[in-house]
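Only one structure is covered here, and it is reproduced in the block below.
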Amino acid sequence: MKRVVVGLSGGVDSSVTAYLLQQQGYEVIGLFMKNWHDDSVTISNECPWLEDSNDALLVAEKLGIPFQTVDLSEEYKEKIVDYMFNEYEKGRTPNPDVLCNREIKFDVFMKIALSLGADYVATGHYCQKSEIEVDGKPVYQLIAGNDVNKDQSYFLCQLSQEQLSKALFPIGALTKPEVREIAAEMELVTAEKKDSQGLCFIGKVRLPEFLQQKLQPKDGKIVQIDKNDPIYTVEKSTELSLEERLKLESQKVEYLPTMGKVVGKHQGAHYFTVGQRKGLNVGGTTDPLFVIATDVETNTIYTGMSSQHPGLFKKALFVGESEVHWIREDMTLKAGEKMEVMARIRYRQPLQKAVLYQFEDGMYVEFEEPQSAITEGQFVAWYLENELVGSGVIS
């Protein structure tokens, strides 16, 4: 009998995951990951992890499976939280959920599971896994979840073949309503529970408040750039090589505070991210203002009026060589090669037509349509039909 360790989070998805595995004849063990216990940071007096671990315990008791809590807050702080602060200080926008899967759930947590004699680790992600043979060896595929609204393959875009080989995603073929229905039939306490919002570890804390713990507020200017600014009419020379053209298309516009008018003040450029609209508190514009760039060196936020502002759009992005990651290692591009794919630059973005171009120092992803708010530090993931084959950090 194969043994599976399920990460029971106290939510409905992982509860149903455990039940389905039990039905499929696995020996199931439930583990709750405690990732955070610095109470000085939890701004509200609610304690979400306590409530969640209690729900996880009730589910385990109902299913009659062994249950324990593992405290991963040390590893979590080092691998996720410190990394987040470092990225924000550099003016980039990290994606803690992607990292959490790569570094915690399918690494630290997986090692604990294997030390308990588990053959697999299962999570309540809406995605699927299949296996094919390439050159006589098994190769694992990460396939999108059947529920288009809930597909979470993007969050697993940094997993390796090794990690995938030991992963199970039992609810990947189901829709959210079907999952809730199973939970209700089984009378699991989590059946009606709302989906968790916020960061995957701090529970109900909003990000700027969390960042304020470490990144000191400092006053800076909000500068508005006119959409007709000459900076957006770059002469495109026809003499460019492919690499030069892609470099130009993916480059950041270099803004200076003198280019626009000062329309307000802010508390720190590192609290803002490209494409953000809320929290600027600048009134009196005919259209909403969007953040088009932030500069943590000069502590300036650059904004543009309306969601169609040219400062928001770019046709290409670059991923440095060390940050290019192939789940399907057998498909890795060599320098000079290209591949047509569908790609997304954030969770739940509809897939976009794109071409990957591999060079010595990294990869360019060129989109058919210009993309809004391509954000440094976030992940781009590329697909062939419904299979996620690789990803990279946008630089």
Side-chain angles (χ1 to χ4, degrees), residues 87-88 90-95 154 207-208 220-236 245-266 268-319 342-355 364-382 391-395:
E87 288 283 282
Y88 276 109
K90 288 183 209 150
R92 303 195 345 165
T93 307
N95 188 317
Y154 176 81
L207 195 61
K221 297 188 170 89
I222 299 176
V223 174
Q224 184 183 339
I225 305 286
D226 190 312
K227 70 175 191 300
N228 300 316
D229 192 287
I231 197 162
Y232 298 125
T233 50
V234 182
E235 283 304 309
K236 290 233 169 96
R245 178 176 66 76
L246 290 166
K247 190 171 181 174
L248 199 67
E249 285 188 346
S250 60
Q251 242 166 9
K252 273 212 305 207
V253 178
E254 295 298 332
Y255 295 102
L256 295 166
T258 49
M259 285 179 183
K261 58 177 187 190
V262 176
V263 290
K265 291 214 299 273
H266 62 82
H270 40 244
Y271 299 139
F272 290 84
T273 178
V274 175
Q276 180 173 336
R277 190 176 112 187
K278 296 192 170 63
L280 284 165
N281 300 326
V282 176
T285 55
T286 48
D287 283 305
L289 285 183
F290 288 81
V291 176
I292 56 173
T294 62
D295 184 341
V296 290
E297 297 299 312
T298 62
N299 195 29
T300 313
I301 292 176
Y302 296 98
T303 59
M305 204 154 57
S306 101
S307 60
Q308 297 308 308
H309 190 281
L312 281 171
F313 291 89
K314 279 202 307 218
K315 261 202 84 153
L317 60 85
F318 182 68
V319 177
M342 300 297 283
R344 58 167 54 106
I345 54 171
R346 60 181 73 87
Y347 173 52
R348 301 204 59 170
Q349 180 196 25
L351 287 169
Q352 309 287 317
K353 270 191 157 160
V355 181
Y364 287 96
V365 182
E366 184 182 33
F367 293 92
E368 192 172 84
E369 300 289 323
Q371 298 298 305
S372 175
I374 293 177
T375 308
E376 280 179 76
Q378 291 279 310
F379 291 88
V380 55
W382 50 89
S391 67
V393 183
I394 300 170
S395 73

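Hydrogens, waters and symmetry mates play no part in the numbers below; they use all other heavy atoms, side chains included. Each residue takes its place number in the sequence, starting with 1.
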Over all atoms of both residues, closest heavy-atom pair of Ala354 and Ala343
CB-CB, 4.2 Å

Treating Gln378 as the side-chain partner and Thr93 as the backbone partner, does any N or O pair qualify as donor plus acceptor under 3.5 Å?
yes

Show your working on side-chain contact (heavy atoms from CB on, under 4.5 Å) between Ile345 and Phe367 and close with a plain yes or no.
CA-CA 11 Å; Ile345 54 171; Phe367 293 92; 3.8 Å; yes

State whether the side chain of His266 and the backbone N or O of Asn299 hold a donor-acceptor pair below 3.5 Å, judged by distance alone.
yes

Would you say Gln276's side chain and Lys278's backbone share a donor-acceptor pair under 3.5 angstrom?
yes

side-chain contact (heavy atoms from CB on, under 4.5 Å) with Met305: of Asp226, Val263, Thr286, only one passes, and it is Thr286

Before we go on, tell me: are the rings of Tyr302 and His309 under 6.0 Å apart, centre to centre?
no

Can you confirm whether Lys315 is buried at NZ, in the sense that more than 12 heavy atoms of other residues, nucleotides or ligands lie under 6.0 Å from that atom?
yes

Distance from Gln224 atom CD to Asp229 atom CG, nearest 0.5 Å?
11.5 Å

Using modelled atom types only, decide if a donor and an acceptor are shared between the side chain of Thr303 and the backbone of Phe290 within a distance under 3.5 Å.
no

Report the C-alpha separation of Glu366 and Leu246 in whole Å, then their side-chain angles, then the decisive distance to 0.1 Å, and conclude whether the side-chain contact (heavy atoms from CB on, under 4.5 Å) test is met.
CA-CA 7 Å; Glu366 184 182 33; Leu246 290 166; 3.8 Å; yes

Using side-chain contact (heavy atoms from CB on, under 4.5 Å), reason through Lys353 and Met342 one step at a time and then give a plain yes or no.
CA-CA 5 Å; Lys353 270 191 157 160; Met342 300 297 283; 3.8 Å; yes

So which atom in Pro94 and which in Arg92 form the shortest heavy-atom distance, rounded to 0.1 Å?
CD-O, 3.5 Å

Supply the atom-to-atom distance Ile301 CD1 to Phe272 CZ, rounded to the nearest 0.5 angstrom.
4.0 Å

If I take atom CD from residue Glu87 and atom CG from residue Asn95, how far apart are they, to the nearest 0.5 angstrom?
10.5 Å

Arg346 side, atom CZ; Tyr154 side, atom OH - distance, nearest 0.5 Å
8.5 Å

For Ile374 versus Ile394, what's the shortest heavy-atom pair and its separation?
CG2-CG2, 3.7 Å

Inspect the surroundings of NZ in Lys252 and state if more than 12 heavy atoms from other residues, nucleotides or ligands are less than 6.0 Å away.
no

For the pair Thr300 and Tyr255, evaluate side-chain contact (heavy atoms from CB on, under 4.5 Å) and give the outcome as yes or no after the intermediate values.
CA-CA 10 Å; Thr300 313; Tyr255 295 102; over 6 Å; no

Using 0.5 Å steps for rounding, measure from the CG atom of Asp287 to the CZ atom of Arg277.
10.0 Å

Mind checking the CD1-OG1 spacing from Ile222 to Thr294? Nearest 0.5 Å is all I need.
12.0 Å

Has the side chain of Ser395 got a donor or acceptor atom that lies under 3.5 Å from a matching backbone atom of Phe318?
yes

Distance-minimising heavy-atom pair for Lys314 and Glu249:
CD-O, 3.8 Å

